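Computed from a predicted model, the values in this text were never measured in an experiment. Start at 1 with the first residue, then count along the sequence.
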Amino acid sequence: MNCAGGVCRQRRCHRAPSTSFEENFVDFTPESGTITMFSTTWCGYCNRLKKQLDAQGIGYTEINIEEVDGTADLVEKLNGGNRTVPTVLFPDGTAATNPSAAEVKSRLAA
């Protein structure tokens with residue numbers, strides 16, 4: 001299912017990105033037990049993480065920052081000005097850049 005230009009693994013949709021950073025951040029905050037992964041189609045690290053998450057049954061919503069307006073800016077703000085993917089957003093509002101599947105699993109369990 002397409003979800004605002006991304007692939008929604010949770011079968012839920014996001015609103016269109018808002019104009020402020022705070023509103024964008026809230027729009028993409030995932031539900032408990034899942035993550036939002038900001039990615040691109042050509043990112044090898046993103047593809048690896050997706051395969052690992054799928055293998056471990058960890059739910060995620062993938063958002064392609066090249067297709068969803070405002071998300072590249074959001075990723076830059078989360079990463080101190082760097083447009084680095086995968087950037088993962090957790091339900092508690094924290095983020096991680098290029099985390100391992102083990103880190104994602106651990107942070108979701110906390």
Main-chain N/O of Glu66 paired with Asn64 side-chain donor or acceptor, under 3.5 Å = yes
When you measure from the side chain of Thr36 to the backbone N and O of Phe28, does any donor-acceptor pair fall under 3.5 Å?
-> yes
Rounded to the nearest 0.5 angstrom, the NZ-SG distance for Lys51 and Cys46 is 12.5 Å
Does the side chain of Val88 come within less than 4.5 Å of Asn98's, by heavy atoms?
-> no
Quick one: pull up CD1 in Ile35 and OG1 in Thr29 and give me the separation to the nearest 0.5 Å.
-> 13.0 Å
What distance do Glu31 atom CD and Thr61 atom OG1 have between them, rounded to the nearest 0.5 Å?
-> 8.0 Å
Side-chain donor-acceptor pair under 3.5 Å between Asn79 and Thr97, yes or no?
-> yes
Could you list the donor-acceptor pairs under 3.5 angstrom formed between side-chain atoms of residues 102-110 and any protein atom two or more places apart in sequence or on another chain?
| unit_1 | atom_1 | unit_2 | atom_2 | d |
| --- | --- | --- | --- | --- |
| Glu103 | OE2 | Arg107 | NH1 | 3.2 |
| Arg107 | NH2 | Thr94 | OG1 | 2.7 |

For the residue pair Cys43 and Pro86, what are the closest heavy atoms and their distance?
-> SG-CD, 4.0 Å
Taking atom CG of Asp73 and atom CG of Leu78, what is their separation to the nearest 0.5 Å?
-> 11.0 Å
Closest approach of Val75 to Phe38 (non-hydrogen atoms, all atoms of both residues) = CG2-CB, 3.5 Å
Mind checking the CG-OH spacing from Leu89 to Tyr60? Nearest 0.5 Å is all I need.
-> 16.0 Å
Ala72 meets the side chain to side chain contact (heavy atoms under 4.5 Å, CB included) criterion, sequence neighbours left out, with Ile65, Arg83
Between Met37 and Leu49, is any pair of side-chain heavy atoms under 4.5 Å apart?
-> yes
Starting at CZ of Phe90, measure out to OG1 of Thr34 and round the result to the nearest 0.5 Å.
-> 10.5 Å
